[in-house]
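Below: the structure, in structure tokens.
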Amino acid sequence: MNRIRTRFAPSPTGYMHIGNLRTALYAYLFAKSQGGDFILRIEDTDRARYVSDAVEFIERTLAAAKIIPDESPAIGGKFAPYIQSERMEIYKHYAEELVANGYAYYEETEQGRAIRQKMPRVGETTFFDVLHGNITIANSELEDQVLLKSDGMPTYNFANVIDDHLMEVSHIIRGTEFITSTPKHVLLYEYFGWELPTFIHLAPVMGKAEDGTISKLSKRHGATSFDDLIQAGYLPEAITNYVALLGWSPKNSCQEIFSMDELIAAFTLDGLSKSPAVFDYAKLDWMSGEYFKAMSDENFADAAQKYLADFDADRKIFLASLLKTRVAKLSDIPPMTAFLKNLPPFDAELFTNKRNKVTPQKSVEILAPAIKILETVDDWTLDTLNKKIAAFVEETGLKIGTVMWPLRIALSMQKVTPGGVTEILYLLGKNESLIRLNDALSKLN
RNA sequence: GGCGCCUUCGUCAAGUGGUUAAGACACCGCCCUCUCACGGCGGGUUCAAGGGUUCGAAUCCCUUAGGCGUCACCA
């Protein structure tokens with residue numbers, strides 16, 4: 001059996017759509033699971049669509065996602081160049097060979113001379129797809145395709161066949177949108193007398209719009225590129241992991257959290273799904289959270305560095321420990337920690353809590369003595385604060401929740417905080433804590 | 001419109017003639033708890049519809065419907 005070789009062949013648009021990333025991932029996983037090669041080839045034959053720096057962007061994105069090509073424009077390889085615009089002579093040669101053999105012809109147009117592929121008028125073309133089985137399309141559906149454009153560039157339909165053959169690609173993994181043009185490619189392989197690769201056409205990734213309608217994932221569904229997701233503060237590993245499961249599932253296992261190595265080990269073609277998958281942010285959030293929870297406090301603090309810059313080393317690590325179990329993406333951090341920096345406006349209503357039997361009135365009775373006790377605390381550590389408050393609770397004979405509630409509100413002016421009262425006291429420091437408590441007390445009075 | 005592909009809980013999905021139709025996310029409830037979260041326990045909802053084939057169908061066949069794709073000198 002020939003060596004397994006797959007390729008990812010994006011056009012350089014400067015945008016890595018999640019669907020494309022998934023295609024690249026599956027091609028990579030399949031190649032690696034078979035001990036084969038994964039190659040990156042840039043299909044830049046449409047000069048109008050070219051975006052500068054896009055090639056570099058694509059390589060950076062794949063690297064961030066840990067999808068490492070064996071051959072690429074940057075790495076090079078046995079079949080270089082890997083950028084189609086640098087292979088024009090090759091396409092010209094093969095196109096002319098087709099003309100010479102009567103499988104294609106020149107066409108004179110206003111734009112210049114182009115070469116078209118001659119399609120059979122009758123009969124049908126059948127090819128095998130791993131996911132879909134045999135697919136047959138009548139040749140009468142096919143029109144004579146342009147092979148070489150008047151500007152000398154090949155079309156996708158031509159270049160991809162030439163390159164896949166020359167680069168010895170064994171398995172073509174791409175989106176379903178190419179199913180109907182595959183017969184044209186198959187005919188080309190036949191004209192040249194080349195061996196057919198194996199086709200695997202992947203179902204698209206869909207998105208759910210605000211109004212509940214489902215359509216192919218696009219910008220109107222919010223962040224839909226790998227880069228958007230990174231910007232939002234998802235970990236690359238989490239994104240890759242989630243995307244892997246959008247259209248593939250492991251055999252004989254319910255595992256969901258996968259490292260790249262585990263994905264490679266578990267990946268099989270028959271785990272691929274042939275129906276479209278809807279991108280679900282809720283599940284991405286969950287999975288992302290699992291990655292954060294699994295991190296050490298130090299690693300999380302590093303990852304969240306730019307959001308925790310205001311805190312000293314000790315508090316940074318401590319905050320990280322509180323945040324990492326509550327965050328789905330790093331950008332969730334600012335709204336959660338804003339109150340530490342700036343206390344939200346005073347709101348007496350917040351002091352009312354039915355479950356803990358707290359009222360603004362009751363709060364005054366708790367805050368006043370609590371402040372007195374905290375003022376005497378010199379060793380402002382979690383441990384000491386905990387002991388002092390526990391002793392105070394005991395003294396008052398109140399339920400712990402009843403005591404904590406007014407303290408939390410006074411310190412944060414919000415019902416929900418990352419961490420308990422002791423944690424907030426520690427994060428705020430003695431000075432700021434007492435300022436906030438006294439302020440609340442006087443406003444309540 | 002022609003042609004092609006697809007159709008199991010709200011979402012991701014397992015399942016390949018005999019299962020109480022897995023599991024996960026989400027949702028709801030309970031427990032834990034100084035809040036939220038975490039964690040623990042439990043719950044509801046699914047084979048698009050209709051015909052066949054079969055002792056027996058989510059699994060095989062046909063029809064219908066819906067969704068998606070494609071009909072470019074774009075990929």
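Note that these values count all heavy atoms, side chains included, but never hydrogens, waters or copies made by symmetry.
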Q) What are the residues of residues 143-152 of chain A, sorted by number, that bring a heavy atom to within less than 4.0 Å of RNA chain B? A) Glu143(A), Val146(A), Lys149(A), Ser150(A)
Q. Does Phe30(A) have its ring centroid less than 6.0 Å away from the ring centroid of Phe38(A)?
A. no
List the atom pairs, with distances to 0.1 Å, where a side-chain N or O of residues 417-426 of chain A and a protein N or O form a donor-acceptor pair under 3.5 Å, not counting sequence neighbours.
residue	atom	partner	partner atom	Å
Thr417(A)	OG1	Arg408(A)	NE	3.3
Thr417(A)	OG1	Gly419(A)	O	2.9
Thr422(A)	OG1	Asn386(A)	ND2	3.4
Glu423(A)	OE1	Gly420(A)	N	2.8

In whole angstrom, give the distance that lies between atom [atom1] of [X] and atom [atom2] of [N].
X: Lys184(A); N: C74(B); atom1: NZ; atom2: P; value: 12 Å
X: Tyr156(A); N: C74(B); atom1: OH; atom2: C1'; value: 11 Å
X: Met206(A); N: G66(B); atom1: CE; atom2: C1'; value: 12 Å
X: Glu124(A); N: C3(B); atom1: CD; atom2: P; value: 13 Å
X: Gln111(A); N: A72(B); atom1: CD; atom2: C1'; value: 11 Å
X: Asp129(A); N: G69(B); atom1: CG; atom2: C1'; value: 14 Å
X: Gln255(A); N: A13(B); atom1: CD; atom2: C1'; value: 15 Å
X: Arg47(A); N: A75(B); atom1: CZ; atom2: P; value: 12 Å

Q.
From the set G69(B), C74(B), C73(B), return the single nucleotide nearest to any side-chain atom of Asp46(A).
A. C74(B)
Q) Does a side-chain N-to-carboxylate-O contact under 4.0 Å join Lys293(A) and Glu290(A)? A) yes
In whole angstrom, give me the gap between the [atom1] atoms of [N] and [M].
N: A37(B); M: A22(B); atom1: C1'; answer: 29 Å
N: C41(B); M: A24(B); atom1: P; answer: 10 Å
N: G52(B); M: C9(B); atom1: C1'; answer: 28 Å
N: U20(B); M: C34(B); atom1: P; answer: 45 Å
N: C12(B); M: U8(B); atom1: C1'; answer: 12 Å
N: U59(B); M: U63(B); atom1: P; answer: 16 Å
N: A14(B); M: U54(B); atom1: C1'; answer: 25 Å
N: U16(B); M: C61(B); atom1: C1'; answer: 16 Å

Give the table of side-chain donor-acceptor pairs shorter than 3.5 Å for residues 8-16 of chain A, with sequence neighbours excluded, one pair per line with atom names and distance.
residue	atom	partner	partner atom	Å
Thr13(A)	OG1	Tyr15(A)	O	3.4
Tyr15(A)	OH	Thr224(A)	OG1	2.8

Q: Please answer whether the main-chain N or O of Ile257(A) pairs with a side-chain N or O of Gln255(A) as donor and acceptor at a distance below 3.5 Å.
A: yes
Q. Under 3.5 Å, side chain of His165(A) to main-chain N/O of Tyr189(A), donor-acceptor pair present?
A. no
Q) Residues in ring-ring contact (aromatic ring centres under 6.0 Å, His included) with Phe127(A), at least two apart? A) Phe199(A)
Q. In chain order, what residues pass the ring-ring contact (aromatic ring centres under 6.0 Å, His included) check against Tyr242(A), with sequence neighbours excluded?
A. Phe279(A)
Q. Base, backbone or nothing for each nucleotide of nucleotides 21-29 of chain B, written B, S, -, heavy atoms under 4.0 angstrom, 5' to 3'?
A. -BSBS----
Q: Classify every nucleotide of nucleotides 34-47 of chain B by which part a protein heavy atom approaches to under 4.0 Å, writing B for the base, S for the sugar-phosphate alone and - for neither, in 5'-to-3' order.
A: BBBSSS--------
Paired nucleotide for [N] [Watson-Crick or G-U wobble; both distances under 3.5 Å]:
N: A26(B); value: none
N: C36(B); value: none
N: A13(B); value: none
N: C5(B); value: G67(B)
N: G18(B); value: C55(B)

Q: May I have the step-by-step check of side chain to side chain contact (heavy atoms under 4.5 Å, CB included) for Ser33(A) and Thr268(A), ending in yes or no?
A: CA-CA 8 Å; Ser33(A) 70; Thr268(A) 55; over 6 Å; no
Q: Classify the side-chain pair Glu43(A)/Tyr156(A) by whether it contains a donor and acceptor separated by less than 3.5 Å.
A: no
(Q) Can you see whether Arg174(A) engages His201(A) through a side-chain donor-acceptor pair at a distance of less than 3.5 angstrom? (A) yes
Which atoms of nucleotides 4-8 of chain B (N or O only) lie under 3.5 Å from a protein N or O atom, and what are those distances?
residue	atom	partner	partner atom	Å
C5(B)	O3'	His132(A)	ND1	2.9
C6(B)	OP1	His132(A)	ND1	3.1

Q: Would you mind telling me which residue lines up with the more 5' stretch of RNA chain B, Ala9(A) or Leu246(A), judged by nearest nucleotide?
A: Leu246(A)
(Q) If you assign each of Glu110(A) and Lys216(A) to its closest nucleotide in RNA chain B, which residue comes earlier from the 5' end? (A) Lys216(A)
Using a heavy-atom cut-off of 4.0 Å across all strands, would you classify [X] as base, sugar-phosphate, or nothing?
X: Glu141(A); result: base
X: Lys251(A); result: sugar-phosphate
X: Thr45(A); result: sugar-phosphate
X: Phe178(A); result: base

**Q.** With sequence neighbours excluded, residues passing side-chain hydrogen bond (donor to acceptor under 3.5 Å, both in side chains) with Asn438(A)
**A.** none
Q) Got a sec, which residues hit side-chain contact (heavy atoms from CB on, under 4.5 Å) with Ala104(A), two or more places apart in sequence or on another chain? A) Leu98(A), Val99(A), Ile115(A), Leu147(A)
Q. How far does CG of Leu319(A) sit from NZ of Lys316(A), to the nearest 0.5 angstrom?
A. 10.0 Å
Q | Side-chain N,O (Ser249(A)) to OP1/OP2 (A14(B)) below 4.0 Å | A | yes
Q | salt bridge (charged side-chain N to carboxylate O under 4.0 Å, His left out) partners of Lys329(A), counting only residues at least two apart | A | Asp332(A)
(Q) Applying salt bridge (charged side-chain N to carboxylate O under 4.0 Å, His left out), can you list everything that pairs with Glu395(A), at least two apart in sequence or on another chain? (A) none
Q: State, with a plain yes or no, whether a side-chain heavy atom of Tyr94(A) is found less than 4.5 Å away from one of Pro154(A).
A: no
